[in-house]
Amino acid sequence: MTQTPKTIAIIGSGLVGSLLAIYLRKLGHTITVFDRRPDIRNVKFSGRSINLAMSNRGWKALREVGIEDQIKELGIPLDKRAIHVLGQEEYYQKYGKEGEAIWSISRGVLNRKMIELAEKEGVEFRFNEKVWDVNLSEGKIYTGETEKGAWEEYTYDIVFGCDGAFSRVRHKMQRRSRFDYSQDFIDVGYKELTIPAKADGSHKLEKNSFHIWPRGKFMFIAMPNLDGSFTCTLFLPFEGKESFESINTKEKAEEFFATHFPTAADKIENLAEDFFTNPTSALVTMKCFPWTYWDKVALVGDSAHAIVPFYGQGMNAGFEDIFELNRIIARYGDDWEKIFEEYQKDRKPNADAIAELSYRNFMEMSSKTADPKFLLQKKIEKAFADKYPEKWIPSYSRVTFSDQPYVDALAIGDAQEEIMKQVMQLPNIADIWDSKEVEDTILRLL
């Protein structure tokens with residue numbers, strides 16, 4: 001179906017806002033993107049990023065508008081986890097089948113490229129222009145330097161809120177009757193650190209791995225960049241015995257890393273200095289409904305469903321929002337009220353499912369990846385999946401390497417977990433894990 005060209009405002013020039021602008025511009029609409037921040041292409045990175053893990057859903061959305069190959073040039077494929085357990089040699093867990101990998105991409109590098117590609121399509125970006133208010137029913141937005149100063153008024157046919165977990169557009173929608181909203185901060189924060197490249201530009205750790213140092217209630221991760229460096233993230237409770245609160249001197253920071261992450265401590269650049277220079281950031285799950293208002297306003301990405309980063313699906317879920325919105329547009333043409341109604345009905349259950357999966361994956365990454373029983377269970381699942389690929393796809397593969405709805409991935413994953421609980425109770429399971437008895441038990445329970 002063709003669409004009548006509209007004037008559309010997108011609030012937020014991040015990854016989701018930039019990709020949405022490209023999609024809508026290709027449909028013939030006039031697009032203006034507003035952002036309260038300066039142009040990221042002129043800004044030094046702030047030290048509060050977690051590298052992105054682009055996977056199947058993200059690539060699918062980029063492929064649809066012909067930019068997948070250009071973005072792949074910015075990333076490094078990671079086909080496995082490298083697990084660093086205290087006092088042991090590092091070992092590896094393959095993510096999926098041969099050829100399946102997540103891609104490590106710097107958030108800042110990707111965002112710069114996405115803005116550049118959107119501008120080439122004819123999208124106008126207005127940086128340093130903060131949106132203070134939105135008239136939902138009339139499609140009007142109001143920008144200005146300060147909340148109490150003079151405001152500029154703009155009128156659009158449609159307004160999209162892509163302005164993140166603390167969205168100004170959603171804030172306005174929250175004031176309406178029967179708008180459901182919740183936010184849940186976990187008691188773990190995060191801080192970015194850096195492992196620089198070797199003198200010859202190569203990586204100090206294995207390049208094609210997602211590196212994890214699991215330590216129970218906290219963990220450290222490292223993801224590679226093209227320049228030979230690694231973007232590292234420490235996830236640690238805010239308060240308690242081992243926490244950001246308790247590490248209050250440079251000496252304590254160095255001692256903490258030497259004790260818990262000895263294989264990383266000597267590789268991190270400016271460890272003690274960056275620990276106190278780089279901000280400690282919070283992690284929030286945010287849910288709301290409805291996501292739309294009439295045929296005028298819609299939320300996309302984190303502004304509708306912010307999640308914790310432990311499944312690497314925040315950006316992928318936001319990109320999938322756009323892919324699915326585009327599919328619905330093709331079905332309903334100019335009926336934007338029907339488009340928005342279908343969009344939120346389709347995406348809300350999936351957003352709730354990936355929020356739950358992401359929260360659970362923190363427990364898996366921080367604790368279970370170092371648990372021999374968990375590793376044995378994963379080994380049994382992999383052996384069975386290799387033999388019966390049509391009967392068993394691991395949860396991680398459903399989420400990361402397929403475009404099956406998140407809600408199905410959650411439900412099927414829960415059913416598989418119930419089966420594996422019974423399998424792990426079999427006598428001498430560590431000795432018989434690859435036997436016909438185990439195989440037959442899984443087939444019977446399926």
Side-chain angles (χ1 to χ4, degrees), residues 8-46 48-77 102-129 131 158-165 167 169 223 225-227 231 298-307 309 312-326 329:
I8 298 177
I10 295 174
I11 316 304
S13 70
L15 301 171
V16 167
S18 300
L19 183 60
L20 180 61
I22 293 170
Y23 266 79
L24 294 172
R25 185 74 193 103
K26 284 183 178 291
L27 291 172
H29 302 296
T30 300
I31 312 297
T32 307
V33 179
F34 291 83
D35 202 303
R36 61 186 176 82
R37 301 165 301 181
D39 186 340
I40 192 173
R41 292 169 294 182
N42 305 323
V43 174
K44 184 179 182 292
F45 296 151
S46 64
R48 58 184 309 155
S49 174
I50 302 169
N51 263 36
L52 302 162
M54 185 83 75
S55 57
N56 190 76
R57 298 167 202 270
W59 291 126
K60 183 179 177 182
L62 297 174
R63 193 178 310 129
E64 183 74 6
V65 283
I67 60 174
E68 177 188 21
D69 291 343
Q70 293 179 72
I71 302 306
K72 277 201 165 160
E73 293 174 5
L74 308 177
I76 297 174
I102 60 174
W103 288 65
S104 173
I105 304 178
S106 159
R107 181 183 297 274
V109 168
L110 178 58
N111 205 166
R112 288 170 169 172
K113 184 67 173 177
M114 296 290 289
I115 291 170
E116 176 192 311
L117 292 170
E119 282 186 338
K120 282 182 180 172
E121 293 291 336
V123 174
E124 180 190 357
F125 284 83
R126 300 179 70 102
F127 297 104
N128 294 308
E129 192 154 359
V131 173
I158 299 170
V159 176
F160 284 96
C162 302
D163 45 344
S167 165
V169 180
M223 296 180 72
N225 298 308
L226 288 176
D227 65 2
T231 298
L299 304 172
V300 184
D302 282 358
S303 59
H305 52 82
I307 60 176
Q313 286 295 303
M315 170 194 60
N316 290 288
F319 282 8
E320 190 174 65
D321 285 349
I322 298 166
F323 181 89
E324 292 301 325
L325 176 65
N326 189 59
I329 286 170

Enquirer: For a 4.5 angstrom cut-off between non-hydrogen side-chain atoms, does Leu15 reach Phe319?
Expert: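 The answer is yes, as the side chains (C-beta and beyond) meet within the 4.5 Å cut-off.
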Enquirer: When rounded to the nearest 0.5 angstrom, what distance separates CG in Leu19 from CD1 in Ile115?
Expert: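 Those atoms lie 12.5 Å apart.
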Enquirer: Taking the side chain from Asn316 and the backbone from Gly58, do they hold a donor-acceptor pair closer than 3.5 Å?
Expert: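 Between the backbone of Gly58 and the side chain of Asn316 there is a qualifying donor-acceptor contact (under 3.5 Å).
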Enquirer: If you compare all heavy atoms of Arg37 against all heavy atoms of Phe127, which two are closest, and at what distance to 0.1 Å?
Expert: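 So the minimum-distance heavy-atom pair works out to O-CB, 3.5 Å.
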Enquirer: For the CG atom of Leu52 and the CD1 atom of Ile105, what is their distance to the nearest 0.5 Å?
Expert: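 Here the interatomic distance stands at 7.0 Å.
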Enquirer: Measuring from atom CE of Met54 to atom CD of Gln313, what distance do you get when rounded to the nearest 0.5 angstrom?
Expert: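 If we round to the nearest 0.5 Å, Met54:CE and Gln313:CD are 11.0 Å apart.
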Enquirer: Between Ile40 and Gly108, what is the shortest heavy-atom contact and its length?
Expert: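 Minimum heavy-atom contact is CD1-CA, 4.1 Å.
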Enquirer: Under the ring pair (Phe, Tyr, Trp, His ring centres under 6.0 Å) test, which residues partner Phe323, sequence neighbours left out?
Expert: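 Phe323 satisfies ring pair (Phe, Tyr, Trp, His ring centres under 6.0 Å) with no other residue.
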Enquirer: State the OG1-CD1 distance between Thr32 and Ile11, to the nearest 0.5 angstrom.
Expert: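 It is 9.5 Å, given to the nearest 0.5 Å.
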Enquirer: Over all heavy atoms of both residues, which pair between Gly161 and Ser303 is shortest? Give the atoms and the distance, please.
Expert: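 Between these two residues, the closest heavy atoms are O-OG, 2.7 Å.
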Enquirer: Excluding sequence neighbours, so at least two apart, what forms side-chain contact (heavy atoms from CB on, under 4.5 Å) with Asn128?
Expert: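 Here the qualifying residues are Pro38.
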Enquirer: Could you measure the distance from the CD atom of Glu73 to the CD1 atom of Ile71? Nearest 0.5 Å is fine.
Expert: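 Answer for the CD-CD1 pair, Glu73 versus Ile71, is 8.5 Å.
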Enquirer: Could you tell me whether the side chain of Ile158 reaches within less than 4.5 Å of the side chain of His29, counting heavy atoms only?
Expert: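 Counting from C-beta outward, His29 and Ile158 never come under 4.5 Å.
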Enquirer: Report the residues that fulfil ring pair (Phe, Tyr, Trp, His ring centres under 6.0 Å) with Phe160, sequence neighbours left out, ordered by chain and then residue number.
Expert: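 Phe340.
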Enquirer: Does Glu124 have any side-chain hydrogen bond (donor to acceptor under 3.5 Å, both in side chains) partners at least two apart in sequence or in another chain, and if so, which?
Expert: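 Result, side-chain hydrogen bond (donor to acceptor under 3.5 Å, both in side chains) vs Glu124: Arg126.
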Enquirer: Once salt bridge (charged side-chain N to carboxylate O under 4.0 Å, His left out) is applied, do any residues pair with Glu116, and if so which ones, sequence neighbours excluded?
Expert: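 Partners of Glu116 by the salt bridge (charged side-chain N to carboxylate O under 4.0 Å, His left out) criterion, ordered by chain and then number, come out as Lys113, Lys120.
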Enquirer: Taking 4.0 angstrom as the limit, do Arg57 and Glu320 come out as a salt bridge?
Expert: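 Answer for the salt bridge query: yes.
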Enquirer: Side chain to side chain donor-acceptor pair (under 3.5 Å): which pairs involve residues 8-24, sequence neighbours left out?
Expert: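 As it turns out, the side chain to side chain donor-acceptor pair (under 3.5 Å) pairs with a partner in residues 8-24, which skip direct neighbours, are Ser13-Asp35.
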Enquirer: Quick check for you: to the nearest 0.5 Å, what is the distance between Asn56 atom CG and Ile102 atom CD1?
Expert: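 Rounded to the nearest 0.5 Å, the CG-CD1 separation comes to 12.5 Å.
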Enquirer: Side chains of Leu299 and Ser167, heavy atoms from C-beta outward: is any pair under 4.5 Å?
Expert: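 A side-chain contact under 4.5 Å exists here.
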Enquirer: So, do Ile31 and Ile10 sit near enough that their side-chain heavy atoms are less than 4.5 Å apart?
Expert: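 In contact.
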Enquirer: Looking at residues at least two apart in the chain, or sitting in another chain, which of them share a side-chain hydrogen bond (donor to acceptor under 3.5 Å, both in side chains) with Asn225?
Expert: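 Once residues adjacent in sequence are excluded, the partners of Asn225 under the side-chain hydrogen bond (donor to acceptor under 3.5 Å, both in side chains) criterion are Asn51, Ser229, Thr231.
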Enquirer: Treating Asp321 as the side-chain partner and Gly301 as the backbone partner, does any N or O pair qualify as donor plus acceptor under 3.5 Å?
Expert: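 Yes, because the side chain of Asp321 sits within donor-acceptor range (under 3.5 Å) of the backbone of Gly301.
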Enquirer: Mind listing the closest non-hydrogen atom pair of Cys162 and Val16 along with its distance?
Expert: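 Here Cys162 and Val16 meet closest at SG-CG1, 4.1 Å.
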Enquirer: Could you report the tightest heavy-atom contact between His305 and Ala317, atom names first, then the distance?
Expert: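 Closest pair (atom of His305, atom of Ala317, distance): CE1-CB, 4.1 Å.
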Enquirer: Identify all side-chain donor-acceptor contacts of residues 60-67 below 3.5 Å with residues at least two apart in sequence or on another chain.
Expert:
residue : atom : partner : partner atom : Å
Lys60   : NZ   : Asp403  : OD2          : 2.6
Arg63   : NE   : Glu68   : OE1          : 2.9
Arg63   : NH2  : Glu68   : OE2          : 3.3

Enquirer: Can you name the salt bridge (charged side-chain N to carboxylate O under 4.0 Å, His left out) partners of Asp227, sequence neighbours left out?
Expert: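 Residues passing salt bridge (charged side-chain N to carboxylate O under 4.0 Å, His left out) with Asp227: none at all.
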Enquirer: So Val300 and Ile322, do their side chains get closer than 4.5 Å, heavy atoms only?
Expert: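 Yes. Closest side-chain heavy atoms under 4.5 Å.
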